[in-house]
Asks: 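There's a structure below that I have some questions on.
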Amino acid sequence: MDTATFIRVLNILEKEFPKWNAPVVSLMAKREHRTPFQILISTIISLRTKDQVTAEASERLFKLADNPYDMLKLTEEQIAKAIYPAGFYRNKAKTIKKISEIIVKKNSGEVPDSLEELLKLPGVGRKTANLVLALSFDKPAVCVDIHVHRITNRLGFVKTKTPEETEKELMKKVPVEYWNRINDLLVAFGQTICKPLSPLCSKCPVEAYCEKVGVVRHR
DNA sequence: AAAACGGGGGC
DNA sequence: GCCCCAGTTTT
């Protein structure tokens with residue numbers, strides 16, 4: 001698949017997006033109500049966790065503390081209890097506490113707005129850093145999670161082993177003005193149609209363009 | 001490169 | 001009961 005076709009796919013998916021009723025609660029539907037700190041913390045909570053669970057856990061935590069100063073006053077146990085159903089709660093609580101401390105003590109209460117600085121925070125990798133850049137600061141960023149990695153390979157647009165390779169390829173092949181649309185669209189698409197194991201190809205609006213790399217079963 | 005971190009939900 | 005989920009860090 002070439003770049004022009006990939007962009008055509010994005011355009012089609014964008015039109016179909018409202019029909020999917022994808023469970024994008026915490027990071028997309030409410031982004032305009034959230035501070036950069038809340039986006040960052042929600043993203044930490046979302047690691048390997050379903051979106052609905054992430055949303056509920058975030059709300060519980062933000063009722064206790066929605067800014068780094070208040071968050072720093074909570075104990076790790078309090079944070080862990082609030083986010084418990086999201087899983088990895090001890091690691092995440094520790095990470096959230098450390099991040100709050102760094103933001104308060106070394107960055108005058110502000111979330112960093114550059115990739116380099118975000119990556120220095122504990123528990124923040126490329127996916128989280130790029131998502132914060134895109135959602136909080138409206139900067140162009142290619143945010144590659146498991147959905148983006150799977151779908152771009154399945155379409156035949158990239159041939160990569162790791163999400164990091166996928167990120168590099170997408171930055172190379174896709175014009176910058178499309179970067180911030182990739183993640184939202186492909187995640188929603190992956191949650192509803194282009195599923196990991198048994199994608200619903202008969203309902204897929206872009207099946208005609210797809211090379212179905214690695215797809216063994218479909219419906 | 002592989003393990004560890006984890007409860008919840010789908011089937 | 002078994003497998004997967006908007007990943008990152010450590011071994």
Side-chain angles (χ1 to χ4, degrees), chain A residues 10 13 17 20-31 34 36 38-61 76-77 79-99 102 112 115-136 141-154 160-168 170 179-200 214-219:
Chain A
L10 286 181
L13 294 183
F17 177 80
W20 296 334
N21 199 22
V24 279
V25 178
S26 61
L27 297 178
M28 198 167 156
K30 294 186 178 176
R31 76 171 65 165
R34 292 183 177 280
Q38 288 175 301
I39 295 277
L40 175 57
I41 300 303
S42 282
T43 308
I44 296 294
I45 295 173
S46 79
L47 302 188
R48 305 292 293 168
T49 302
K50 291 250 166 61
D51 193 67
Q52 184 62 39
V53 180
T54 300
E56 290 163 5
S58 299
E59 291 312 315
R60 261 200 310 285
L61 180 59
E76 273 180 38
E77 288 73 20
I79 298 173
K81 191 178 174 191
I83 64 173
Y84 177 78
F88 298 139
Y89 50 90
R90 276 187 282 264
N91 284 348
K92 289 174 183 175
K94 197 169 292 182
T95 298
I96 290 168
K97 179 98 174 171
K98 276 194 210 153
I99 286 178
I102 292 170
L115 182 65
E116 189 189 4
E117 291 300 314
L118 283 164
L119 288 175
K120 287 181 186 169
L121 297 174
V124 175
R126 302 195 68 83
K127 180 256 172 181
T128 302
N130 278 316
L131 194 62
V132 169
L133 287 179
L135 295 191
S136 290
V142 174
C143 173
V144 178
D145 67 347
I146 194 66
H147 290 293
V148 174
H149 180 62
R150 177 184 71 255
I151 294 169
T152 51
N153 273 282
R154 186 175 278 172
T160 51
K161 294 286 188 196
T162 66
E164 190 168 347
E165 281 178 68
T166 304
E167 184 193 320
K168 287 198 182 108
L170 291 178
W179 288 4
N180 286 6
R181 294 163 55 182
I182 294 174
N183 182 263
D184 280 344
L185 287 176
L186 295 194
V187 169
F189 182 49
Q191 287 169 331
T192 53
I193 310 275
C194 199
K195 298 180 180 191
L197 237 43
S198 188
L200 310 182
V215 174
V216 275
R217 282 184 295 140
H218 63 86
R219 287 184 284 180

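Just so we're on the same page: letters track the sequence lines, and every chain starts at 1. Note that the coordinates shown come from a computational prediction; the quantities given were computed from them, not determined experimentally. When reading the values below, keep in mind they use all heavy atoms of this one structure, side chains included, and skip hydrogens, waters and symmetry mates.
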Asks: Would you measure the distance from the C1' atom in B:dG7 across to the matching atom in C:dT10 and give it in whole Å?
Replies: 22 Å

Asks: So if I take every side-chain heavy atom of A:Asn91 and compare against B:dG8, C:dA6, B:dG6, which nucleotide ends up nearest?
Replies: B:dG6

Asks: What are the two closest heavy atoms between A:Arg60 and A:Ala82, and how far apart are they?
Replies: NE-O, 2.8 Å

Asks: Does the side chain of A:Thr43 pick up a donor-acceptor pair with the side chain of A:Thr128 at under 3.5 Å?
Replies: no

Asks: Would one find a side-chain N or O of A:Arg90 under 4.0 angstrom from OP1 or OP2 of B:dG6?
Replies: yes

Asks: Does C:dA6 have OP1 or OP2 sitting under 4.0 Å from an N or O in the side chain of A:Gln191?
Replies: yes

Asks: Protein-nucleotides 8-11 of chain C N/O pairs closer than 3.5 Å?
Replies:
from, atom 1, to, atom 2, distance (Å)
C:dT8, OP1, A:Gly125, N, 3.0
C:dT8, OP1, A:Gly125, O, 3.4
C:dT8, OP1, A:Thr128, N, 3.0
C:dT8, OP1, A:Thr128, OG1, 2.8
C:dT9, OP1, A:Gly123, N, 3.0

Asks: Within a strict 4.5 Å, meaning less than it, do heavy atoms of the A:Asp51 and A:Val187 side chains meet?
Replies: no

Asks: Examine B:dG7: is either OP1 or OP2 under 4.0 Å from a nitrogen or oxygen in the side chain of A:Tyr89? Give yes or no.
Replies: yes

Asks: Can you tell me the distance, in whole Å, between the NZ atom of A:Lys50 and the P atom of B:dC11?
Replies: 10 Å

Asks: Name the stems that DNA chain B belongs to, where each is three or more consecutive Watson-Crick or G-U pairs with both distances under 3.5 Å?
Replies: B:1-5 with C:7-11, B:7-11 with C:1-5

Asks: Decide yes or no for A:Pro122 and A:Ile102: does some side-chain heavy atom of the first lie under 4.5 Å from some side-chain heavy atom of the second?
Replies: yes

Asks: I'd like the P distance from B:dG9 over to C:dT8, given in whole Å.
Replies: 24 Å

Asks: Regarding A:Ile146, tell me which of base, sugar-phosphate or nothing describes its non-hydrogen contacts under 4.0 Å with the strands shown.
Replies: sugar-phosphate

Asks: What is the nucleic acid contact for A:Pro163, judged by heavy atoms within less than 4.0 Å: base, sugar-phosphate only, or nothing?
Replies: nothing

Asks: Under 3.5 Å, is there a donor-acceptor pair between the side chain of A:Arg150 and the main chain of A:Cys194?
Replies: yes

Asks: Within the structure provided, determine whether A:Val132 and A:Val124 are in side-chain contact (heavy-atom separation under 4.5 Å).
Replies: no

Asks: Applying ring pair (Phe, Tyr, Trp, His ring centres under 6.0 Å), name anything that partners A:Tyr89, two or more places apart in sequence or on another chain.
Replies: A:Tyr84

Asks: Testing the 3.5 Å rule here: is there a donor-acceptor pair between the side chains of A:Thr54 and A:Thr49?
Replies: no

Asks: I'd like to know if the side chain of A:Lys127 and the backbone of A:Asp145 have a donor-acceptor N/O pair within less than 3.5 Å.
Replies: no

